[in-house]
Amino acid sequence: MADPFYIRAADWLGNACLRAVHLVLRPLPYAQRVHLGGWLGRTVLPRVPMARRRTEANLDKVLPQMSAAERKALIRGVADNFGRVFVEEGMMERFVGDPSRFHPQGPGWDGYRALVEGGAKPIVVTAHYGNWEGIRTLSRDIGCPLAAVYRPHNNPYYNADFAASLRPLSPINFPKGSEGTRQLLSHVRGGGAVFILIDQKQTGAPLVPFLGVPAETTLTAAKLSKSDANPLIPAISRRRADGVSFDVFFGAPIAEGSAEARMRAANDQLSEWISEVPEQWFWFHRRWR
């Protein structure tokens, strides 16, 4: 059943406003556009009641000892990073077009390259942190494009623009849902690599600790990773102090235990990275009950 006209009109208008922001920023140099995105995020997001309430509720669960001043600084950092991601999403071809923006860190990168060069097609898991597309950029540039699994947005006009923004990283991406899951399974069985963000609540999924608090966590990634040909790899892309470049960390392959145990190990690794610079995680997500 189609949405009423007033809902479709509101969706169209909302997406038109977002497009207008990108259009206004387009003539500016790349870094200036990203910095303005940070300013917009800091200016707007903390004033959105729902986002602020969710952030405060999540902080009550995870960091109840944090002072009011520390919370204010963290929320400001979250908003700044969100605004930058919004702008980067609107110019994805430029975002991924400069390899010097992405800096692999730690021994995990060498292991990841070795796996890919050996023919493995990894199942990479991450969180809405920094700008996660830095992970896919590095993987694409060594010949292993990662097909993303994404949650369709309620606004169909924005969702179409969002899905289009993913294509510079991989021409194949899958919406969450029954049809997307069937396509995803076919992709993996056909030798494809996959990228899944695992830090959003999936109602009814097993409770697995995330940032120290039990959270409903999809086991899809672990179930897809059934052999050395599809290793389960946690990774994260952390924004540097300059606001436009990234340090990208790859963890060791997770191969032992049940699907739930492997997702626990993935959550533990992501939680460790997030805790080091927590203001880059999207704290306004509804992650916990």
Side-chain angles (χ1 to χ4, degrees), residues 1-28 30 32-58 74-96 126-133 136 148-171 173-180 195-197 199-203 239 243-244 279-287:
M1 182 176 177
D3 288 330
F5 171 77
Y6 68 89
I7 292 180
R8 298 198 305 274
D11 286 343
W12 183 91
L13 181 61
N15 192 56
C17 290
L18 296 179
R19 284 187 170 189
V21 173
H22 288 302
L23 188 63
V24 169
L25 296 178
R26 185 173 296 170
L28 299 176
Y30 178 90
Q32 190 173 352
R33 289 166 72 174
V34 177
H35 294 323
L36 276 172
W39 176 83
L40 282 170
R42 296 192 306 271
T43 301
V44 175
L45 191 64
R47 293 174 169 81
V48 176
M50 183 176 67
R52 190 172 189 92
R53 285 196 299 270
R54 284 185 184 174
T55 300
E56 293 282 2
N58 288 337
L74 185 145
I75 292 171
R76 181 178 173 84
V78 172
D80 177 276
N81 185 65
F82 175 79
R84 292 173 189 269
V85 171
F86 166 73
V87 169
E88 289 159 346
E89 179 186 295
M91 53 175 182
M92 190 62 74
E93 289 188 0
R94 292 192 64 186
F95 174 75
V96 304
T126 191
H128 292 82
Y129 182 89
N131 191 323
W132 49 96
E133 301 297 7
R136 289 215 289 164
V149 177
Y150 67 94
R151 177 189 174 277
H153 295 270
N154 293 332
N155 183 326
Y157 303 101
Y158 174 69
N159 188 65
D161 288 348
F162 174 76
S165 77
L166 301 177
R167 293 184 192 124
L169 288 155
S170 171
N173 300 288
F174 307 104
K176 289 184 178 179
S178 57
E179 179 59 28
F195 181 76
I196 304 177
L197 291 105
D199 61 331
Q200 288 183 299
K201 182 172 75 73
Q202 178 160 317
T203 302
R239 193 178 300 275
V244 296
E279 61 268 24
Q280 292 196 27
W281 185 57
F282 281 20
W283 283 89
F284 49 84
H285 274 163
R286 185 179 291 153
R287 184 66 186 98

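As a basis for the values below, the full set of heavy atoms in this structure was taken, side chains included, without hydrogen atoms, waters or symmetry mates. Position 1 is the first residue of the sequence; numbering continues from there.
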For the [atom1] atom of [X] and the [atom2] atom of [Y], what is their distance to the nearest 0.5 Å?
X: Leu18; Y: Leu23; atom1: CG; atom2: CG; answer: 12.5 Å
X: Lys176; Y: Arg151; atom1: NZ; atom2: CZ; answer: 8.0 Å
X: Met50; Y: Thr55; atom1: CE; atom2: OG1; answer: 10.0 Å

Evaluate the criterion side chain to side chain contact (heavy atoms under 4.5 Å, CB included) for residue pair Val48 and Phe284; output intermediate values, then yes/no.
CA-CA 10 Å; Val48 176; Phe284 49 84; over 6 Å; no

Verify side chain to side chain contact (heavy atoms under 4.5 Å, CB included) between Leu169 and Phe195, making sure each step is shown before the conclusion.
CA-CA 11 Å; Leu169 288 155; Phe195 181 76; over 6 Å; no

Would you call [X] and [Y] a side-chain contact if the rule is heavy atoms closer than 4.5 Å?
X: Arg239; Y: Val85; result: yes
X: Tyr129; Y: Asp199; result: no
X: His22; Y: Met91; result: no
X: Leu25; Y: Gln32; result: no
X: Asp11; Y: Tyr158; result: no
X: Ile75; Y: Arg52; result: yes
X: Glu88; Y: Tyr30; result: yes
X: Glu89; Y: Asp161; result: no

Assess the residue pair Leu36 and Val87 against the criterion (side chain to side chain contact (heavy atoms under 4.5 Å, CB included)); give the C-alpha distance rounded to whole Å, side-chain angles, the decisive distance to 0.1 Å, and a yes or no.
CA-CA 8 Å; Leu36 276 172; Val87 169; over 6 Å; no

Would His128 and Trp132 count as a close aromatic pair, with their ring centres under 6.0 Å?
yes

So which atom in [X] and which in [Y] form the shortest heavy-atom distance, rounded to 0.1 Å?
X: Pro27; Y: Val24; value: CD-O, 3.2 Å
X: Gly41; Y: Pro46; value: O-CD, 3.3 Å
X: Phe174; Y: Gly180; value: CB-O, 3.9 Å

More than 12 heavy atoms of other residues, nucleotides or ligands under 6.0 Å from CD of Glu179: yes or no?
yes

Counting neighbours of CZ on Arg54 that are heavy atoms of other residues, nucleotides or ligands and sit closer than 6.0 Å, is the number greater than 12?
yes

Under a 4.0 Å threshold between the charged nitrogen and the carboxylate oxygen, would Asp80 count as salt-bridged to Arg84?
yes

Is Glu133 salt-bridged to Arg136, going by a charged N under 4.0 Å from an acidic O?
yes

Mark yes or no for whether Asn58, through its side chain, and His285, through its backbone, hold a donor-acceptor pair below 3.5 Å.
yes

Do Asn81 and Phe282 pass the side chain to side chain contact (heavy atoms under 4.5 Å, CB included) test, and can you show the C-alpha distance, the side-chain angles, and the key distance before you say yes or no?
CA-CA 9 Å; Asn81 185 65; Phe282 281 20; 3.7 Å; yes

